[in-house]
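Notes follow the structure.
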Amino acid sequence: MNQKTIVIILLALVAVRSSAQIKVEVSETVELMSILSRTSGFPEYCMDMGGNYTTETEEWFSPYKSHPAISLFQDMRAKYGISYDAVMNMAINLAIDGNEVKMQTERKGLEKRWHEVDINTFLVRLNQFYTDTRFHDFYMQHLSFYQSVLRIYEQNVMSYFHQDWYAKFYGTGPSERFRIVIGFTNGGGNYGPSRQLPGQPKEVFAICGYNNDKTTGKAYENGVDHAATLIHEFNHSFVNSLLENEANKALLTPIGKKLMKHSYRAMNSQAYRNAETVVNESIVRAAVILYLHDNHFTAEQVKEEMDNQISSGFYWMPELVTTLRNYSKHREEYLTLGDYYPEIAKCLDEFLKKEAERIGKSLQ
């Protein structure tokens, strides 16, 4: 049996194992951390795009803006950079046990920005916030609202999500459990954290922000647009870990620094402030375009996604998509996307060289 036949068989098994229906969820700990961030004044959690839910959240929690948990959390943002995805990373590693908020994992399982934080002090203050604000009462009063939104999301968005594509494209088995959570306080913010609970498969999350359409006043009416967000976040769960490989990191981190410099203002405005993030975001966004192409989205939709990425400062997107399409056509040679990382490095390096030459010529 040759290598290509083995790959085909393995991918077929992967597809069978990964076909279980994914349910869309609401999470009390995600809402807790999001609302803590909003009450602390974190701009990325203050987009106020949730209509009546945003109004009711403000009315309930604004009296607690001087709470000890708020001042501590503001200090943590200033000192350790606890913001954006770090907030959601903590959220998925928390659980509500009775009336107490507890950690489910060890500190080492958290995103690196949490490693210097005094977790015990944070949990004490978080529990005070949970109790003093009567957070559970707020959550339960909105449970029927949460469930109604989940049903709309499943009807309008999930039909565009094909989980099997990921295993086939990345060449890795479905050892992870996929989770989709709506972040009702996250507005336009979307995150893709993961966690490893003791004795459990790794879980990868797409935490999708809740926001009402400006025209209709309703959420998730345009399923295609929101599907692109979901597709994007699940790609992170495969892509981010590939750059943890030391060889891949050595190849792509220097290139990521150059890309960040080449598009500094655009990257900085999106909070992409290190080389690894720029590389991961680039590959994820290119993979989204391939997903749309492979799953029969219209040519107009695929082109619009490409245009969106270029206008967001990822000027190297056409070259990156081209090289990933080459990877897809030569899977007998590259069993996984990780095997193809040297070619991705060459592609991005070639883009940078051509840009330098083009700019240089203009200055002669």
Side-chain angles (χ1 to χ4, degrees), residues 26-92 94 101 111 113-114 117 122 125-126 128-130 132-139 141-142 145-146 149 153 181-193 205-220 225-226 229-230 232-233 265-273 277 281 312:
V26 61
S27 163
E28 186 172 4
T29 58
V30 166
E31 287 309 296
L32 173 62
M33 289 298 296
S34 298
I35 289 174
L36 175 68
S37 300
R38 186 187 190 283
T39 311
S40 299
F42 291 15
E44 67 274 22
Y45 289 93
C46 293
M47 298 185 195
D48 296 350
M49 301 168 69
N52 289 338
Y53 183 72
T54 296
T55 302
E56 292 165 10
T57 300
E58 178 66 17
E59 290 174 351
W60 189 292
F61 293 97
S62 61
Y64 299 96
K65 290 185 178 181
S66 298
H67 192 278
I70 300 302
S71 58
L72 174 66
F73 209 43
Q74 290 169 340
D75 287 345
M76 288 166 54
R77 181 186 180 98
K79 292 179 181 177
Y80 308 113
I82 302 300
S83 57
Y84 291 95
D85 56 323
V87 175
M88 292 295 95
N89 175 259
M90 174 59 77
I92 65 170
L94 295 173
V101 186
E111 202 270 346
R113 279 168 285 178
W114 287 96
V117 173
F122 168 70
R125 293 286 184 265
L126 183 63
Q128 288 177 339
F129 183 81
Y130 183 77
D132 294 345
T133 62
R134 297 178 295 114
F135 186 89
H136 187 65
D137 290 344
F138 174 85
Y139 182 79
Q141 286 182 25
H142 289 85
F145 161 71
Y146 297 144
V149 173
Y153 191 95
V181 176
I182 303 300
F184 286 86
T185 309
N186 293 13
N190 305 281
Y191 305 98
F205 289 75
I207 300 179
C208 302
Y210 171 77
N211 50 83
N212 288 329
D213 184 271
K214 293 179 180 179
T215 303
T216 66
K218 298 179 181 179
Y220 307 125
D225 288 347
H226 292 284
T229 297
L230 176 60
H232 176 113
E233 295 306 329
R265 288 188 178 179
M267 297 299 106
N268 189 61
S269 68
Q270 296 168 85
Y272 303 149
R273 298 184 179 121
T277 300
E281 280 293 329
S312 296

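Quantities reported herein were computed from a predicted structural model and do not represent experimental measurements. The basis for the numbers below is simple: all heavy atoms, side chains too, and nothing from hydrogens, waters or symmetry mates. One is the number of the first residue; the rest follow in order along the sequence.
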- Message: Does Phe205 form a side-chain contact (heavy atoms from CB on, under 4.5 Å) with Glu233? I'd like the steps, not just the answer.
- Response: CA-CA 8 Å; Phe205 289 75; Glu233 295 306 329; over 6 Å; no
Would you name the heavy atoms of [X] and [Y] that are closest together and state the gap between them?
X      : Y      : answer
Ser27  : Val30  : OG-N, 3.1 Å
Phe184 : Tyr210 : CA-CB, 3.7 Å
Tyr220 : Gly209 : OH-O, 3.0 Å
Pro193 : Ile207 : CG-CD1, 3.8 Å
Val87  : Phe73  : CG2-CZ, 4.2 Å
Ala206 : Leu230 : CB-CD1, 3.5 Å

May I ask you to check whether [X] and [Y] place their ring centers less than 6.0 Å from one another?
X      : Y      : value
Phe61  : Phe138 : yes
Phe122 : Tyr80  : no
Tyr153 : His226 : no

- Task: Could you tell me whether the side chains of Ser34 and Asn186 share a donor-acceptor contact shorter than 3.5 Å?
- Result: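 Checked: Ser34/Asn186 side chains pair up, N/O donor to acceptor below 3.5 Å.
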Sub-4.5 Å side-chain heavy-atom contact between [X] and [Y]:
X      : Y      : answer
Ser83  : Glu44  : yes
His232 : Glu281 : yes
Asn268 : Arg273 : yes
Met33  : Leu126 : yes
Phe129 : Thr39  : yes
Phe135 : Trp60  : no
Tyr130 : Leu32  : yes
Arg125 : Leu36  : no

Distance (rounded to the nearest 0.5 Å) between [X] [atom1] and [Y] [atom2]:
X      : Y      : atom1 : atom2 : result
Glu31  : Tyr53  : CD    : OH    : 4.0 Å
Asn89  : Leu94  : CG    : CG    : 9.5 Å
Tyr272 : Met267 : OH    : CE    : 7.5 Å
Met76  : Ser40  : CE    : OG    : 9.5 Å
Ile70  : Gln128 : CD1   : CD    : 11.5 Å
Ile182 : Asn211 : CD1   : CG    : 10.0 Å

- Query: In chain order, what residues pass the salt bridge (Lys or Arg N to Asp or Glu O under 4.0 Å) check against Glu28, with sequence neighbours excluded?
  - Reply: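 Glu28 satisfies salt bridge (Lys or Arg N to Asp or Glu O under 4.0 Å) with no other residue.
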- Message: Taking side-chain contact (heavy atoms from CB on, under 4.5 Å) as the definition, give me every residue that meets it alongside Pro63, ordered by chain and number, with sequence neighbours left out.
- Response: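 Applying side-chain contact (heavy atoms from CB on, under 4.5 Å) to Pro63 gives none.
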Strictly distance-based, threshold 3.5 Å: is any side-chain N or O of [X] a donor or acceptor partner for the main-chain N or O of [Y]?
X      : Y      : value
Thr29  : Ala91  : yes
Gln270 : Ala266 : yes
Asn190 : Gly188 : yes

- Task: Quick one: do His142 and Thr57 satisfy side-chain contact (heavy atoms from CB on, under 4.5 Å)? Show the steps, please.
- Result: CA-CA 10 Å; His142 289 85; Thr57 300; over 6 Å; no
- Query: His67 and Asp132: side-chain hydrogen bond (donor to acceptor under 3.5 Å, both in side chains), yes or no, with the steps?
  - Reply: CA-CA 9 Å; His67 192 278; Asp132 294 345; 2.9 Å; yes
- Item | Residue pair Lys65, Glu58: steps toward the salt bridge (Lys or Arg N to Asp or Glu O under 4.0 Å) verdict | CA-CA 10 Å; Lys65 290 185 178 181; Glu58 178 66 17; 3.3 Å; yes
- Message: Please determine whether side-chain contact (heavy atoms from CB on, under 4.5 Å) holds for the pair Thr133 and Ile35, giving the CA-CA distance in whole Å, both sets of side-chain angles, and the decisive distance to 0.1 Å.
- Response: CA-CA 11 Å; Thr133 62; Ile35 289 174; over 6 Å; no
- Can you say whether the rings of Tyr146 and Tyr139 are parallel (under 30°), tilted (30 to 60°) or perpendicular (over 60°)?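 Tyr146 and Tyr139: tilted rings.
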- Message: Does the structure place the NZ or CZ of Arg77 under 6.0 Å from the centre of the six-membered ring of Phe42, at an angle of no more than 45° from the ring's axis?
- Response: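 Yes, Arg77 sits over the ring of Phe42.
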